[in-house]
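These notes concern the structure reproduced below.
Worth saying up front: this structure is predicted, and the values here are computed from it rather than measured.
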Amino acid sequence: MKNLELQIKVKDWFFIFIIAIFFSIILSIYSYFLIDENIQNALYFGLLLGIDIFMFSMVFINYLNNYILPKVSKKYWILLAIVFSFLSGFLGTILTYFLSIFFDIYLIEKFKNSYILFSIFIGFLTYFVAALLYQFVKMSNKKEHNEKLLLDSRLKSLQRQLNPHFLFNSLNSLVELLHEDINKAEENLVELSKFLRQSMKESALNSLKDEIDNLKRYVFLENVRFSNKIVLNLDIKKEYFEILIPKFSIQLLVENAIKHGFDKNKKQLIINIVCIKNKEFEIVVSNNGKPVKNDSFGIGLKNLKERLEILLNGKVLLINKELPTYKIIIGKKNEDINNG
């Protein structure tokens, strides 16, 4: 991974650009004011100087961070930073001098006669400003990195809470099948293997297709215990298959339906899953089992709620207690969070 100290984001470049313009204009206005010259000339000169220093800074910093600093010892970084920061201000001022002459921008007489000396002075000023900006960017990157590590840690902790009982139940069912139907036991072992392989993927997000495929395996394995009384109905367009959702999100709602909704007096527990895409992407999971008695979320649903919020700015809602129905709403994806 690239060193945090060498990472500069678009928002950082924007901030650097604003500082360069502000620094140059203030310096120019002060200089022109001392000789009682038109402030408009100072604005033109300052704006041009800020743009030139910024352009050299952007070129030098990118080159330095990508091609030089990663290959040399850290003990040389400060020296190289001083040299390149100085050059940004020095060369930016030189370029501004010639562009001002070309565009007929009024120049202070002392600056015209000693522009090299002024360029050296502004080069050193640029270094001091760059040193302050470097500390700001470094602290900002470290803060964001620490926040990301915290989120990753929370996600891994949440993922480790998933499906422990299901595995034990599947293994117990498999042991019983070995004595009853060896072929059925072999089929279940293959499906359990596929299920676990998919479950062990590092990513915190799954494509909808992968999630549904694993959900089918889950229901297949659970039907061993429930004598094929669980029926899964899916209404999902293929165009939605690549949408990313938190791993085990739909499965958790199906698991919840089986655990709390299964009614021995009914022939079947019918679970319906419908996907709808309007302004947001919605996944509606309903079943014909027992009504929901308590609308407060247990550990599993709280887990899903937190993962949805962290990963996708999403949420999960109970929308019908009598005909148990939950809705997952997928918000806008957070692009700064890596899967896993």
Side-chain angles (χ1 to χ4, degrees), residues 155 158-159 161-167 169-170 173 187-226 228-262 268-278 280-289 300-301 303-305 307-308 310-320 323-333 339-340:
L155 282 171
L158 288 168
Q159 285 179 235
Q161 298 174 20
L162 301 172
N163 288 314
H165 299 296
F166 164 70
L167 181 58
N169 291 334
S170 295
S173 300
E187 184 182 4
N188 273 261
L189 186 59
V190 170
E191 290 301 311
L192 180 59
S193 174
K194 290 179 181 177
F195 178 87
L196 291 176
R197 189 181 299 114
Q198 176 67 25
S199 301
M200 290 171 67
K201 284 184 178 179
E202 288 294 324
S203 60
L205 295 172
N206 259 349
S207 69
L208 181 61
K209 183 181 186 307
D210 286 343
E211 182 74 4
I212 292 299
D213 287 344
N214 227 32
L215 175 63
K216 290 177 181 177
R217 295 186 190 106
Y218 170 78
V219 172
F220 175 84
L221 293 165
E222 285 289 75
N223 264 324
V224 176
R225 284 200 303 138
F226 291 94
N228 293 315
K229 290 183 178 180
I230 304 169
V231 177
L232 185 64
N233 293 326
L234 302 172
D235 183 6
I236 303 172
K237 296 179 181 178
K238 288 185 178 181
E239 63 193 73
Y240 301 153
F241 278 178
E242 297 307 312
I243 292 176
L244 296 177
I245 62 173
K247 187 159 61 174
F248 300 130
S249 51
I250 303 177
Q251 181 193 314
L252 190 143
L253 295 179
V254 170
E255 184 179 345
N256 213 47
I258 295 171
K259 181 179 178 181
H260 300 291
F262 198 88
Q268 294 177 321
L269 175 67
I270 299 173
I271 301 173
N272 299 305
I273 299 174
V274 179
C275 291
I276 307 163
K277 189 172 184 181
N278 294 314
E280 297 174 301
F281 184 67
E282 300 177 355
I283 304 168
V284 180
V285 180
S286 61
N287 67 82
N288 67 336
L301 287 171
N303 179 312
L304 174 59
K305 179 176 179 288
R307 287 189 296 133
L308 278 163
I310 292 172
L311 291 166
L312 300 166
N313 294 328
K315 52 190 172 183
V316 56
L317 306 170
L318 173 62
I319 59 175
N320 192 328
L323 182 66
T325 306
Y326 289 87
K327 180 190 289 186
I328 293 173
I329 300 176
I330 303 298
K332 182 180 178 182
K333 182 179 177 183
N339 298 342

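Pairing each heavy atom of Gln251 with each of Glu211, the nearest pair is N-OE2, 3.7 Å. Listed here is the closest heavy atom pair of Asn320 and Leu323: OD1-N, 3.0 Å. The nearest pair of heavy atoms linking Ile330 to Leu244 is CG2-O, 4.3 Å. Nearest heavy-atom pair, Pro324 versus Gly289, reported as atom, atom and distance to 0.1 Å: CD-O, 4.0 Å. Nearest approach of Leu318 to Thr325, heavy atoms of both residues: CD1-O, 3.4 Å. Annotation for Ile230 and Asn223: closest pair N-OD1, 3.0 Å, computed over non-hydrogen atoms.
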Step by step, work out the side chain to side chain contact (heavy atoms under 4.5 Å, CB included) result for Phe220 and Glu187.
-> CA-CA 10 Å; Phe220 175 84; Glu187 184 182 4; 3.5 Å; yes
Trace of the side chain to side chain contact (heavy atoms under 4.5 Å, CB included) decision for Asn256 with Tyr326 | CA-CA 10 Å; Asn256 213 47; Tyr326 289 87; 4.0 Å; yes
Tell me, with the steps shown, if Lys209 and Asp213 meet salt bridge (charged side-chain N to carboxylate O under 4.0 Å, His left out).
-> CA-CA 6 Å; Lys209 183 181 186 307; Asp213 287 344; 3.0 Å; yes
Could you go through the side chain to side chain contact (heavy atoms under 4.5 Å, CB included) check for Leu232 and Ile273 one step at a time?
-> CA-CA 8 Å; Leu232 185 64; Ile273 299 174; 3.7 Å; yes
Take Ile236 and Phe241 through the test side chain to side chain contact (heavy atoms under 4.5 Å, CB included) and record every step on the way to the result.
-> CA-CA 8 Å; Ile236 303 172; Phe241 278 178; 3.8 Å; yes
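Leu312 is listed as a side-chain neighbour of Pro246, based on a closest heavy-atom distance under 4.5 Å. With a 4.5 Å cut-off on side-chain heavy atoms, Arg217 and Asn214 count as touching.
Exactly one of Leu304, Leu252, Val284 qualifies for a side chain to side chain contact (heavy atoms under 4.5 Å, CB included) with Ile328. That residue is Leu304. Screening Val285, Leu253, Leu234 for a side chain to side chain contact (heavy atoms under 4.5 Å, CB included) with Ile271, the sole residue that qualifies is Val285.
To the nearest 0.5 Å, atoms NZ (Lys216) and CD1 (Ile212) are separated by 7.5 Å. With rounding to the nearest 0.5 Å, the separation of CD1 in Ile243 from CG in Asn206 is 13.5 Å. Summarising the geometry, atom CG belonging to Asn313 is positioned 10.0 Å from atom CD belonging to Glu280; distances are rounded to the nearest 0.5 Å. With rounding to the nearest 0.5 Å, the separation of CD in Glu222 from CD in Glu255 is 7.0 Å. Taken to the nearest 0.5 Å, the CG atom of Asn272 stands 8.0 Å off from the CG atom of Asn288. To the nearest 0.5 Å, atoms CZ (Arg307) and CG (Leu205) are separated by 9.5 Å.
Ring pair Phe281/Tyr240 is perpendicular by interplanar angle, where above 60° counts as perpendicular and below 30° as parallel.
Remark: Lys327 pairs with Glu282 by the salt bridge (Lys or Arg N to Asp or Glu O under 4.0 Å) rule, at least two apart or across chains.
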